[in-house]
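Model, not experiment: these values are computed from the prediction. The chains referred to below are lettered A, B, ... by the order of the sequence lines, with proteins before strands, and numbering in each begins at 1.
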There are 2 protein chains.
Amino acid sequence: MTTVLRMTKQREIILEALEGASHPSAETIYAEVRKRLPHISLGTVYRNLRQLKETGDISELQCSGEYSRFDSNLSRHYHVTCSLCGMVMDIDIDPASLKEMEEEVGKKTGFDISSHCVGFHGICQDCKG
Amino acid sequence: MTTVLRMTKQREIILEALEGASHPSAETIYAEVRKRLPHISLGTVYRNLRQLKETGDISELQCSGEYSRFDSNLSRHYHVTCSLCGMVMDIDIDPASLKEMEEEVGKKTGFDISSHCVGFHGICQDCKG
DNA sequence: GTCAATGCAAAAACTTTGCAACATT
DNA sequence: AATGTTGCAAAGTTTTTGCATTGAC
């Protein structure tokens, strides 16, 4: 019995916030959504993010710092995070060699590899100045 | 003015716990150290782990799950984490292609890349059975 | 003796959850 | 009408911190 998600005002606006921002954190989404729904609760934001992640409508970044960041871009791609300001930028690199590595790792360790996460860290152009 | 770390009984035993365990979490280290120092506090464990990390005596894993895990092996290497039992295993893969990627990422994004993190996730042999 | 380190407890930071009221289907 | 969803507040988890006391040098 699959549970059907209902399209509530809250969910709708959370999704719009996801699409309008770059890799926002839950807190950032909360702040954004509150401009249009002042009474929404942080709990609702977290619940929705988890559900949308489970249904595969959004993804959660890994290797991007201390707390969760979310992404409405579902294609396989990687990220750089600025160690100073926390800014996250998409990287256009070919996942092929990582895919190869997955296979190699599976063979070497006996694990059934289901995913990998890669993240780069450094200082962004703005923070260099 | 560099602060000199003092070798306390606590620090010594924490380091031994680090070396005797495989990628332990703070909580695991706490449990282990408490066998020999029953009155040590969790705060002391966290403080020491942070200090040892800062002095470069140990490293903190990334991409290894929800909470921090530590490593007394300082050489550059990567990890697989079991999604079921949380077990972490070292992987013997060549970091060369990742190093190349770092350069490519720097060029493409304008970031000064200082590090990258890579982690693989899957099901370990024990959990498959 | 000096000052880093400890134990303890309180708090911070992020996230989850219980529950009655409410809204979508 | 049925049940998924919300707001609120309380609580859970992991990690940090303030402070008086202790201990390494």
B/Q125 versus A/G110, closest heavy-atom pair with distance: CG-O, 3.4 Å
Would you indicate what A/E12 reaches in the nucleic acid, counting non-hydrogen atoms under 4.0 angstrom: base, sugar-phosphate, or nothing? nothing
Geometric class of the A/H79/A/H23 ring pair [parallel <30°, tilted 30-60°, perpendicular >60°]: perpendicular
At a cut-off of 3.5 Å, list every protein nitrogen or oxygen paired with a nitrogen or oxygen from nucleotides 20-22 of chain D, distance to 0.1 Å.
none

Which is it for B/F111 and A/M89 under the side-chain contact (heavy atoms from CB on, under 4.5 Å) test, yes or no, and what are the steps along the way? CA-CA 10 Å; B/F111 274 60; A/M89 186 183 277; 4.1 Å; yes
Whole angstrom value for the distance that separates P of D/dA24 from CZ of B/R11: 12 Å
Strand-adjacent residues in residues 15-36 of chain A, judged by heavy atoms under 4.0 Å from DNA chain C: none
Taking B/I91's backbone N and O only, do any of them form a donor-acceptor pair with A/K108's side chain (distance below 3.5 Å, no angle check)? no
Can you measure B/Y67 atom OH to D/dG12 atom C1' for me and round it to whole angstrom units? 15 Å
Any side-chain to backbone donor/acceptor pair from A/S83 onto A/G122? Under 3.5 Å, distance only. yes
Whole angstrom value for the distance that separates C1' of C/dC14 from CZ of A/F70: 11 Å
Hey, could you give me the OH/CE distance between B/Y78 and A/M101, rounded to the nearest 0.5 Å? 7.0 Å
Between protein and nucleotides 16-25 of chain C, map the contacts as a letter string: B base, S sugar-phosphate only, - none, heavy atoms under 4.0 Å, written 5' to 3'. BBB----BBS
Do A/I123 and A/V80 share a hydrophobic cluster (ILVMFWY, side-chain heavy atoms under 4.5 Å, transitive)? no
Between A/S68 and C/dT15, does any side-chain N or O lie under 4.0 Å from OP1 or OP2? yes
Worked check of side-chain contact (heavy atoms from CB on, under 4.5 Å) between B/M7 and B/L15: CA-CA 11 Å; B/M7 186 46 71; B/L15 274 169; 4.3 Å; yes
Given 3.5 Å as the limit, does a donor-acceptor pair link the side chain of B/S114 with the main chain of A/H121, or not? yes
Please report, rounded to the nearest Å, how far the P atom of C/dA5 is from the CD1 atom of B/I14. 12 Å
Between B/Q10 and D/dG23, does any side-chain N or O lie under 4.0 Å from OP1 or OP2? no
Tell me the interatomic distance from A/I13, atom CD1, to D/dT5, atom C1', rounded to whole angstroms. 15 Å
Could you please spell out the steps behind the side-chain contact (heavy atoms from CB on, under 4.5 Å) verdict for A/R11 and A/L52? CA-CA 9 Å; A/R11 186 120 66 216; A/L52 291 167; 4.1 Å; yes
Answer yes or no: is there an ion pair linking A/E104 with A/K107, defined by an N-O contact shorter than 4.0 Å? no
Given atom CZ of A/R69 and atom P of C/dC14, what is their separation to the nearest angstrom? 11 Å
